[in-house]
Peer 1: 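This is the structure I have questions about; it appears just below.
Remember, it's 1-based here, ligands and their atoms both numbered in the order they're listed.
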Amino acid sequence: MIQIAVDGPAGSGKSTVAREVAKRLGIVYLDTGAMYRAVTYQTLIEKRSVQNAHDLEIIVEALELEVAPGQIWANGKNVTEAIRQPEISRNVSYVAMDAYVRKCMVDLQRKIAGTQSVIMDGRDIGTHVLPNAKFKFFLTATAEERAKRRQIELDKAGYSVDYKALVDEINERDRLDSEREVSPLKIADDAEIIDTTELTTDQVIDLILKKIAYTN
Ligand code: C5P
């Protein structure tokens with residue numbers, strides 16, 4: 001079994017790259033950000049507060065999360081597209097700060113990684129979820145480049161969001177994710193850092209596949 005961790009800030013290209021690497025290697029891809037987004041979605045539709053630990057505990061205790069490559073269900077409802085709404089992105093970092101939510105998500109992530117080869121993307125995979133992963137990558141890019149990519153993605157999904165507002169949101173999310181107490185966004189000591197600002201998606205995928213082929 002092989003474990004590959006791909007961490008990095010919002011919009012660094014992790015999910016696109018990890019999904020493709022999974023396909024080429026024939027292993028499972030798990031988007032851990034989608035799990036925190038699904039908790040956020042459920043909290044908001046039940047009109048509870050993303051900043052209240054008691055509310056979050058109620059939500060997460062009752063939440064049945066199901067994941068399959070590229071898809072996620074919350075209490076039986078397919079929320080794959082709904083969790084990409086800008087309102088979820090603006091709120092998710094508060095949910096992800098909560099220690100109990102994190103514990104539940106990490107338990108599920110480790111369970112999935114315990115039975116099969118996986119590539120997982122997130123913020124704390126190399127540092128906390130899979131500290132013994134054989135391969136760890138940390139993807140970065142400037143906030144401006146990441147906002148540009150998000151804008152293209154959102155545009156395709158039918159949301160028109162102001163570029164400057166996206167740069168601000170990305171910077172704020174980086175700050176909240178890096179400064180939180182529980183498992184903050186941090187580069188694992190043994191991770192390979194890839195700055196994707198000037199690279200195409202294919203170039204990043206090639207770099208990762210070469211590293212894996214060379215070391216395996
Ligand atoms: O990767 P994505 O941008 O979809 O992640 C959404 C949010 O979920 C992040 O901003 C972060 O707050 C949280 N997250 C996390 N730990 C992970 C994955 C995501 O805290 N492993």
Peer 1: Of all heavy-atom pairs between G126 and D7, which one has the smallest distance, and what is that distance?
Peer 2: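 Looks like N-OD2, 2.8 Å.
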Peer 1: Is Q109 in contact with ligand 1, taking contact as a heavy-atom separation below 4.0 Å?
Peer 2: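 The answer is no, since Q109 has no heavy atom less than 4.0 Å from ligand 1.
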Peer 1: Can you tell which of D174, T196, T197 makes a side chain to side chain donor-acceptor pair (under 3.5 Å) with R146?
Peer 2: D174
Peer 1: Evaluate Y36 for polar contact with ligand 1, using N/O atom pairs at a separation under 3.5 Å.
Peer 2: no
Peer 1: So if I count the atoms of ligand 1 from 1 in the order they appear, which ones are less than 4.0 Å from some heavy atom of D177?
Peer 2: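 What qualifies from ligand 1 is 9 (C), 10 (O), 11 (C), 12 (O).
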Peer 1: Could you tell me, atom by atom, which parts of ligand 1 come under 4.0 Å of a heavy atom of A96?
Peer 2: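 Those qualifying, in numeric order: 12 (O), 13 (C), 20 (O).
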Peer 1: Only heavy atoms of S93, strictly under 4.0 Å: list the atoms of ligand 1 that pass.
Peer 2: 10 (O), 12 (O)
Peer 1: Considering only non-hydrogen protein atoms, determine which one is nearest to atom 4 (O) of ligand 1 and report residue, atom name and distance to 0.1 Å.
Peer 2: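 Nearest neighbour among protein heavy atoms for atom 4 (O) of ligand 1, to 0.1 Å: R37 NE, 2.7 Å.
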Peer 1: Any donor and acceptor pair, going by atom type alone, linking the side chain of R102 with main-chain N or O of A96 inside 3.5 Å?
Peer 2: yes
Peer 1: Could you say whether the N/O atoms of D31 and ligand 1 ever approach to under 3.5 Å?
Peer 2: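 Min N/O separation from ligand 1 is not below 3.5 Å for D31.
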Peer 1: Once you restrict to heavy atoms under 4.0 Å, what part of M35 touches ligand 1? Side chain, backbone, both or neither.
Peer 2: neither
Peer 1: Consider side chain to side chain donor-acceptor pair (under 3.5 Å). Of Q109, K103, R110, which one does D107 pass it with?
Peer 2: K103
Peer 1: Donor-acceptor pair, E20 side chain versus T16 backbone, under 3.5 Å?
Peer 2: no
Peer 1: Going by the closest heavy atom to atom 20 (O) of ligand 1, which one wins out of R102, M105, E172?
Peer 2: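 Of the listed residues, R102 has the closest heavy atom.
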Peer 1: For ligand 1, note which part of R84 has a heavy atom under 4.0 Å away: side chain, backbone, both or neither.
Peer 2: side chain
Peer 1: Under 4.0 Å from any heavy atom of T32, which atoms of ligand 1 are there?
Peer 2: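 In order of numbering, the contacting atoms are 17 (C), 18 (C), 21 (N).
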Peer 1: Compare K14, H128, R123 and give the one whose heavy atom is closest to atom 3 (O) of ligand 1.
Peer 2: R123
Peer 1: Among all protein heavy atoms, pick out the one at the shortest distance from atom 6 (C) of ligand 1; state its residue, atom name and that distance to 0.1 Å.
Peer 2: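 Heavy-atom neighbour on the protein nearest atom 6 (C) of ligand 1: R173 NH1, 3.5 Å.
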Peer 1: Among all the protein's non-hydrogen atoms, which is closest to atom 21 (N) of ligand 1, and how far away is it?
Peer 2: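 That would be D124 OD1, 2.8 Å.
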Peer 1: When you compare the side chains of D177 and S93, does any donor N or O come within less than 3.5 Å of an acceptor on the partner?
Peer 2: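 Yes - a donor-acceptor pair under 3.5 Å links their side chains.
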Peer 1: Looking at R84, Q85, K77, which one forms a side chain to side chain donor-acceptor pair (under 3.5 Å) with Y41?
Peer 2: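 Exactly one pass, corresponding to K77.
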Peer 1: Please report which non-hydrogen protein atom sits nearest to atom 19 (C) of ligand 1, along with the residue it belongs to and the distance in Å to one decimal place.
Peer 2: G33 CA, 3.5 Å
Peer 1: Provide the number and element of each atom of ligand 1 under 4.0 Å from a heavy atom of G122.
Peer 2: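 Here the atoms of ligand 1 in question are 17 (C), 18 (C), 21 (N).
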Peer 1: Keeping N52 on the side-chain end and R48 on the backbone end, is there a donor-acceptor pair under 3.5 Å?
Peer 2: no
Peer 1: Can a donor-acceptor pair be found between the side chains of Q71 and N78 at a distance below 3.5 Å?
Peer 2: yes
Peer 1: Check whether K14 reaches the backbone of G8 with its side chain - one donor and one acceptor, N or O, closer than 3.5 Å.
Peer 2: yes
